[in-house]
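I have placed the structure first, in the form of structure tokens, so that the comments after it can refer back to it.
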Amino acid sequence: MGNHKRVSTVRGGHVLGEPITWRLLVRRFRHADNRWLAAWNLSRHAGRALYARARPLIHPLRLLAHEIVVQSKIAIAFPLGFLHSAHQVIERYDDTARPLGRDVVLFVHFDAEGRVVPATRDFIRGLEEAGLSVVFVTNSGFIRDEDKGFLRRHCASVLIRRNIGYDFGAWRDALDTLGLPRAETRAIYLVNDSVYGPFSDLRPLLDTIDFNRADLWGITESWQHHYHLQSFFLACGETAIRSAAWRRFWGSVRPIPCKDWVIRHCEVGFTRALARGGISIAALYPNTSLLDAEELNRLEQLVEADDLTKGQDARLHAEAEHADRILRCASRRPIPLNPSIDLWRQLIRAGYPFVKRELLLRNPTKVTDVFAWEEVVSTSLKADPQPLAEEIRRSLGTRLPDVWSPPSPLHAHPRKTAA
């Protein structure tokens, strides 16, 4: 065999086992019986090649276009936030026999049918058993009578408000309505119902929060948009809640009807505003501890062992696919992941007693190994997730395979490996 001259290859596959190259396409065009079809194939592959070359330029343009759309939405919605009052509480219940303690949880809830579902009840019980005074704040506008009895037994205060302002609007409303922080208040926990759990006692988790080390704690941190503590569980110590930065931030929270504004100004902005005000910040499960050298090595081994052609189980392949995605993201600084979703397995194995609702109900980033959550919770936390799993299965119905199931090996796209 003689030496073959290297030719550029058009991305897109093979023709009868032969790699598609410009030389091959031109030769087939010249000898084709159907010139129109041959010309179509040639132009189609030329388009693919041009797109592949232009892709590095297209991505930044897409990001720019997306940012323009987001800022336009915010600009339109912002004035509308001043048409509504920040105070939307329409019903209030206070347990006079159970006054607010020194450590207060503002638990924000939403359910379109006004229910307090079993998973939410478990969360409230867990907070109460950990010695916290629970304030239940719902954006549902009403609560069913059969659920009000439960809330009155387990909560120091219940606030029912109109669904205006999202979670941060509800937290501001509760702070103002209850006059928090009070003279005796030591800590305020900002919590919402966007997670399932706790699957274990909350006290060990809360005991790791040391306000002598940091004034503001989150369970997880994220670098999406800008560095911030994820807002589903925030612990704010006395230095934080009595600071000028705290007062300025909550004074700026308005019921703007735009989720992008809430994410940028509130979720991301809360951490940044307090940090600028001199408040020290920490995460209980920082990304560096979740993806330490040992865990990265485990993920690399999963990827290296992944081979469907050798009859590998599709479940292992799905786990390897997600491991590969984590490794690609971990090679970048800062790590562009949503840890509460993308690092769900690492969190639970580290003792984190929750699972994000969005992961189990929608799986927006198509995490391929989410089907294993029951096994991981059972093994790592020694908990029984079966009742919750059955409830979610009934809720998802026919959508369950799309959310939980790993990709079929027949449709899986093999990763490129070195020769």
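Side-chain atoms are counted along with the backbone in the values below, which use heavy atoms only and exclude waters and symmetry mates.
The side-chain heavy atoms of W404 and L360, taken from C-beta on, include a pair separated by under 4.5 Å. Inter-residue side-chain proximity for V134 and L151 is flagged as unmet; no heavy-atom pair is nearer than 4.5 Å. Side chains of L359 and Y196 form no contact here, defined as non-hydrogen atoms less than 4.5 Å apart. Residues L202 and E129 form no side-chain contact, since every pair of their non-hydrogen atoms from C-beta on lies 4.5 Å or further apart. Side-chain contact between S72 and I68: present, with at least one pair of heavy atoms (C-beta onward) separated by less than 4.5 Å. Side-chain contact between L190 and F270 is present, with heavy atoms from C-beta onward closer than 4.5 Å. The closest side-chain heavy-atom distance from D342 to R325 is below 4.5 Å. The closest side-chain heavy-atom distance from E300 to L327 is below 4.5 Å.
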For this session: Evaluate the side chain to side chain contact (heavy atoms under 4.5 Å, CB included) criterion for residues H66 and V70: first the C-alpha distance (whole Å), next the side-chain angles of each, then the deciding distance (0.1 Å), finally the verdict.
Result: CA-CA 6 Å; H66 175 72; V70 168; 3.6 Å; yes

What do the steps show when you test V135 against L100 for side chain to side chain contact (heavy atoms under 4.5 Å, CB included), and what is the final call? CA-CA 8 Å; V135 176; L100 288 179; 3.6 Å; yes

Full working for side chain to side chain contact (heavy atoms under 4.5 Å, CB included) between C155 and I124 | CA-CA 8 Å; C155 300; I124 292 171; 4.1 Å; yes

Next on the checklist: Go through it in stages, so that I can follow the logic: the residues are K356 and S194, the test is side chain to side chain contact (heavy atoms under 4.5 Å, CB included), and I'd like the CA-CA distance, side-chain angles, deciding distance and then a yes or no.
Outcome noted: CA-CA 6 Å; K356 196 72 171 172; S194 66; 3.0 Å; yes

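Donor-acceptor pairing under 3.5 Å is lacking for the side chains of H109 and D193. T271 and H228 share no side-chain donor-acceptor pair at under 3.5 Å. A donor atom on one side chain and an acceptor atom on the other are found under 3.5 Å apart for H265 and S252. A donor-acceptor pair shorter than 3.5 Å cannot be found between the side chains of Q230 and E221. Using modelled atom types and a 3.5 Å distance limit, the side chains of S280 and D215 yield a donor-acceptor pair. Counted by atom type alone, D94 and S157 present one or more donor-acceptor pairs between their side chains at under 3.5 Å. D260 and Q71 share no side-chain donor-acceptor pair at under 3.5 Å. There is no side-chain donor-acceptor pair under 3.5 Å between R161 and Q88.
To the nearest 0.5 angstrom, S378 atom OG is 11.0 Å from I348 atom CD1. Rounding to the nearest 0.5 Å places CZ of F82 at 5.5 Å from CD1 of I256. Atoms CG and OG1, from L343 and T220 in turn, are 9.5 Å apart once rounded to the nearest 0.5 Å. Taking CZ from R153 and CG from D95, the interatomic distance works out to 12.0 Å, rounded to the nearest 0.5 Å. The distance from the CZ atom of R248 to the CG atom of L274 is 9.0 Å, given to the nearest 0.5 Å. Going from atom OH of Y189 over to atom CG of L234 covers 11.5 Å, rounded to the nearest 0.5 Å.
A salt bridge links E238 to R242: at least one charged side-chain nitrogen sits closer than 4.0 Å to a carboxylate oxygen. Looking at E295 and R298, a side-chain N of the basic residue comes within less than 4.0 Å of a carboxylate O on the acidic one, giving a salt bridge. Residues R172 and D176 are paired through a salt bridge, judged by an N-O separation under 4.0 Å between the basic side chain and the carboxylate. Electrostatic pairing of R144 and E113 does not count as a salt bridge here, judged by no charged N lying under 4.0 Å from a carboxylate O. Under a 4.0 Å N-O distance rule, the pair E128/R98 qualifies as a salt bridge. A salt bridge is defined here as a Lys NZ or Arg NE, NH1 or NH2 lying under 4.0 Å from an Asp or Glu carboxylate O, and D369 with R345 meets this definition. Here R393 pairs with E374 in a salt bridge; the nearest charged N to carboxylate O distance falls below 4.0 Å. The existence of a salt bridge linking E267 and K259 is excluded, since no basic side-chain nitrogen approaches an acidic carboxylate oxygen closer than 4.0 Å.
Of all heavy-atom pairs between G351 and Y285, the closest is C-OH, 3.4 Å. Scanning all heavy atoms of the two residues, the minimum distance from S340 to L347 falls at CA-CD1, 3.9 Å. When all heavy atoms of W344 and A372 are compared, the closest pair comes out as CH2-C, 3.9 Å. The minimum heavy-atom distance linking F136 with I143 is given by the pair CE2-CD1, 4.0 Å. Nearest approach of W373 to P385, heavy atoms of both residues: CZ3-CB, 3.6 Å. Between R121 and E146, the shortest heavy-atom distance links the atoms NH2-O, 3.9 Å.
Side-chain N or O atoms of S380 include none that pairs as donor or acceptor with a backbone N or O of V377 at under 3.5 Å. Side chain of S243 to backbone of A240: a donor-acceptor contact under 3.5 angstrom is found. Of the possible polar contacts, none joining the W261 side chain to the A77 backbone as a donor-acceptor pair under 3.5 Å is found. Within the 3.5 Å criterion, the main-chain N or O of V403 finds a donor-acceptor partner in the side chain of N363. Although no hydrogens or angles enter the test, the distance criterion places no donor-acceptor pair under 3.5 Å between the side chain of W217 and the main chain of C236. With hydrogens and angles ignored, the 3.5 Å screen pairs no side-chain donor or acceptor of S140 with any backbone N or O of G114. With R254 contributing its side chain and H84 its backbone, the two residues share a donor-acceptor pair below 3.5 Å. The main-chain N or O of A187 is never found under 3.5 Å from a side-chain atom of T185 such that the two would form a donor-acceptor pair. When atom types are taken as modelled, the side chain of T120 and the backbone of V116 share no donor-acceptor pair closer than 3.5 angstrom.
Classified by interplanar angle (parallel below 30°, tilted 30° to 60°, perpendicular above 60°), the ring pair F354/F123 is tilted.
By the neighbour-count criterion of 12 heavy atoms within 6.0 Å, atom NZ of K148 is densely surrounded, having more than that number from other residues, nucleotides or ligands. Residue-environment remark: CD (E391) exceeds the threshold of 12 foreign heavy atoms within 6.0 Å.
Taking the centre and axis of the six-membered ring of Y227, the NZ or CZ atom of R272 falls outside the cone set by 45° and 6.0 Å.
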